[in-house]
Amino acid sequence: MISFQCDSESFQEFFRRALHGLNRNCRRISEKTGRVLTEGGVYSGIWMECAPLEGLVYAPLAPDVARRNHTAFFRYQREDGQFPSSISERRVGFAQIQQVVPMVETAYELGLMTCDEELLRMAYRSWEKWDAWIGAHRDTRRRNVCEAFCEYDTGHDNSARFRGLPKFCPGQNAANCPDIPCLPYVAPDLTATMFGGRMAMARIASVLGIRGKHDDWLERAELMRKALFEYCFDPETEFFYDRDAQGNFVRNLSDAGIRVLGEHVVDQALFDRIFERWIGNPSAFWTPYPIPSVAACDPGFRHPPPENCWGGASQALLALRAPRWLEYYGRFGALHHLMLRWLEGMRRSSKFMQQMDPFTGEFSTSPDYSPAMCCALDFMSRLAGVMETPEGLAWGCTGIPDAGKSVFCLERLRGGSAQVALEAGCATLSLNGRELAKVRGPVRCFSDAAGRHLRIVAVEGGSVEIRCPGTPPATFHLREDESKSL
């Protein structure tokens, strides 16, 4: 459970509205699903593309709901291994695959944090069947890839990426590829999702002690990683694109390439080049309100964005996924900037909505949208709270705009409590009522689950002062993104 109090009435109300909206969007869809966190707004059900990650973010408030945001898909999985792309009261969809963050990865993280071995076993069995289904139906030329057959496969609604192509697969069956010469596409994001799923399967195999499977999944993941570079990576522009059935790149600078980064496919050196050239470029993805779903310099960029547009709008789902790759590759300063800009835009809006104009911060599409409210919860926790991760605890020490004083308390999923109290620029970190440290400066802190092995990372360059009980105070001068173990 989470509690949060601050001396900014406007931010306190903003946070209250986010939690209230998320709770309101939790409802029972069917007997098989139970009470789940739905997408909200005009989207009345759950989608494999996003519901598991949203559940993971919501887990500190309702771990049972987070679990059901995964098990709903396991329970509707077909005998041949196909997952539904969506589940609602009206229908269970099988007309596209529509996946992004691997569900088995979010299940792995949730399972570790809640000590839920049954969830890990369910996820392992289900994803093993899904991986086989993808190999049988979405790798038509046996190239160790995952192919896109239609627009909704990747959730890129109204993007130039799939201009002129069908939204669904023929016969409402995701195994059917439309009879169009350019299809299927070798899709970088879908292939990366399957790569990330295999990496998660290796980790679960180790946790569960499934003999011989850890290395097998790693070997299969490596085959997919190599294929991703062979078919989708353009060394000239250093970005990932679809490749059509004739072997041509479909050159759309979209978040399809960014999703590859989300699965940690590239090494640090290549990531740094991609970041400097494209992600951190104000003419491409680093607009005033980052990150647009298509780079602003791309010919297919649409502005102003129409409703539900993955052709240029900065999407809440894209922002919610950003910590998965910006933190992994050590870009804490960029993430800090992104979170502040999103919170700024959301606080100006009277409703939590799906997408934002990347230049003005004006929101549109689908009020009461769960991913936007999840962004509010997640970003506030990273700035002025504490988060539980499979590796330990992540502490926010910078605070939130307009608040001079705040207290964030987390009742941990694995037991015990953690707290961050901020006042006059100083963050006091406590675990189970015991003070761990006082931190002053623009940093985030990381520790193991017991509060040991404290590490700080600067989100801005500057001076940082640390005071731990029983030790002399220490001062460090850090550059942005520089890390220091204490």
Please answer whether the main-chain N or O of [Y] pairs with a side-chain N or O of [X] as donor and acceptor at a distance below 3.5 Å.
X      : Y      : answer
Gln355 : Phe363 : no
Glu388 : Leu413 : yes
Arg198 : Met224 : no
Gln77  : Gly81  : yes
Asp139 : Cys146 : no
Ser366 : Gln354 : no
Arg35  : Arg27  : no
Tyr329 : Val266 : yes
Asn69  : Leu37  : yes
Ser85  : Gly93  : yes

Quick one: which of Tyr152, Phe162, Phe94 gives a ring-ring contact (aromatic ring centres under 6.0 Å, His included) with Phe168?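 That would be Tyr152.
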
How about CG on Asp267, more than 12 heavy atoms from neighbouring residues, nucleotides or ligands closer than 6.0 Å, or not?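 Count over threshold, so yes.
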
Whether over 12 other heavy atoms sit under 6.0 Å from Gln268 CD: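 Enclosed.
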
Where [X] and [Y] come nearest, the two heavy atoms and their spacing:
X      : Y      : answer
Leu270 : Phe229 : CD2-CE2, 3.6 Å
Gly262 : Arg324 : O-NH1, 3.2 Å
Phe275 : Leu326 : CE1-CD2, 3.9 Å
Arg341 : Glu344 : NH1-OE1, 2.8 Å
Val443 : Ala458 : CG1-CA, 3.9 Å
Ala427 : Leu422 : CB-CD2, 3.6 Å

Donor + acceptor pair across side chains of [X], [Y] (<3.5 Å):
X      : Y      : value
Trp325 : Glu263 : no
Arg347 : Ser10  : yes
Glu307 : Thr365 : yes
Arg24  : His20  : yes
Asn176 : His137 : no
Thr237 : Tyr241 : yes
Ser254 : His156 : no

Phe332 six-ring face occupied by Arg444 cation (under 6.0 Å, within 45°):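 Ring-cation test returns no.
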
Just checking, Arg243 and Phe249: is the charged tip under 6.0 Å from the six-membered ring centre and within 45° of the axis?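 Yes - Arg243 lies over the ring of Phe249, closer than 6.0 Å to its centre and within 45° of its axis.
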
Step by step, work out the ring pair (Phe, Tyr, Trp, His ring centres under 6.0 Å) result for Tyr369 and Phe352. CA-CA 6 Å; Tyr369 186 59; Phe352 290 96; over 10 Å; no

Any residue meeting side-chain hydrogen bond (donor to acceptor under 3.5 Å, both in side chains) with Asn158, in chain and number order, not counting sequence neighbours: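 Per chain and number, Asn158 pairs via side-chain hydrogen bond (donor to acceptor under 3.5 Å, both in side chains) with no residue.
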
To the closest 0.5 Å, what do you measure between [atom1] ([X]) and [atom2] ([Y])?
X      : Y      : atom1 : atom2 : value
Tyr76  : Ile29  : OH    : CD1   : 8.5 Å
Glu151 : Gln96  : CD    : CD    : 10.0 Å
Glu460 : Thr398 : CD    : OG1   : 8.0 Å
Phe15  : Ile400 : CZ    : CD1   : 9.0 Å
Arg17  : Met346 : CZ    : CE    : 10.0 Å
Leu119 : Tyr108 : CG    : OH    : 12.5 Å

Go through the steps for Glu105 and Arg203 under the test salt bridge (charged side-chain N to carboxylate O under 4.0 Å, His left out), then give the verdict. CA-CA 9 Å; Glu105 169 62 29; Arg203 290 190 284 272; 2.5 Å; yes

Note: [X]-[Y] ion pair, threshold 4.0 Å (strictly below):
X      : Y      : result
Arg251 : Asp242 : no
Glu362 : Arg348 : no
Glu327 : Arg382 : yes
Glu147 : Arg143 : yes
Asp272 : Arg277 : no
Asp157 : Lys167 : no

Does the gap between the ring centers of Phe240 and Phe233 come in under 6.0 Å?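 Between Phe233 and Phe240, which both carry aromatic rings, the centre distance is below 6.0 Å.
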
Hey, do the aromatic rings of Trp278 and Phe285 have their centres closer than 6.0 Å?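 Ring centroids of Trp278 and Phe285 are no less than 6.0 Å from each other.
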
I'd like a table of donor-acceptor pairs (distance under 3.5 Å, sequence neighbours excluded) in which one partner is a side-chain atom from residues 45-64, with atom names and distances.
unit_1: Glu49; atom_1: OE1; unit_2: Gln98; atom_2: NE2; d: 3.0
unit_1: Glu49; atom_1: OE2; unit_2: Arg321; atom_2: NH2; d: 3.1
unit_1: Asp64; atom_1: OD2; unit_2: Arg68; atom_2: NH2; d: 3.3

side-chain contact (heavy atoms from CB on, under 4.5 Å), that's the test. Do Arg141 and Val186 meet it? Break it down for me. CA-CA 10 Å; Arg141 301 182 186 180; Val186 179; over 6 Å; no

Do the rings of Phe4 and Phe11 sit parallel, tilted or perpendicular, given the 30° and 60° boundaries?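 Rings of Phe4 and Phe11: perpendicular, over 60°.
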
Just say parallel, tilted or perpendicular for the rings of His70 and Phe74, cut-offs at 30° and 60°.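 If you compare the ring of His70 with that of Phe74, the planes turn out tilted.
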
Can Trp310 and Val294 be said to form a side-chain contact (heavy atoms from CB on, under 4.5 Å), step by step? CA-CA 7 Å; Trp310 283 81; Val294 169; over 6 Å; no

Stepwise, does the side-chain contact (heavy atoms from CB on, under 4.5 Å) test hold for Phe14 with Ser8? CA-CA 10 Å; Phe14 167 78; Ser8 167; over 6 Å; no

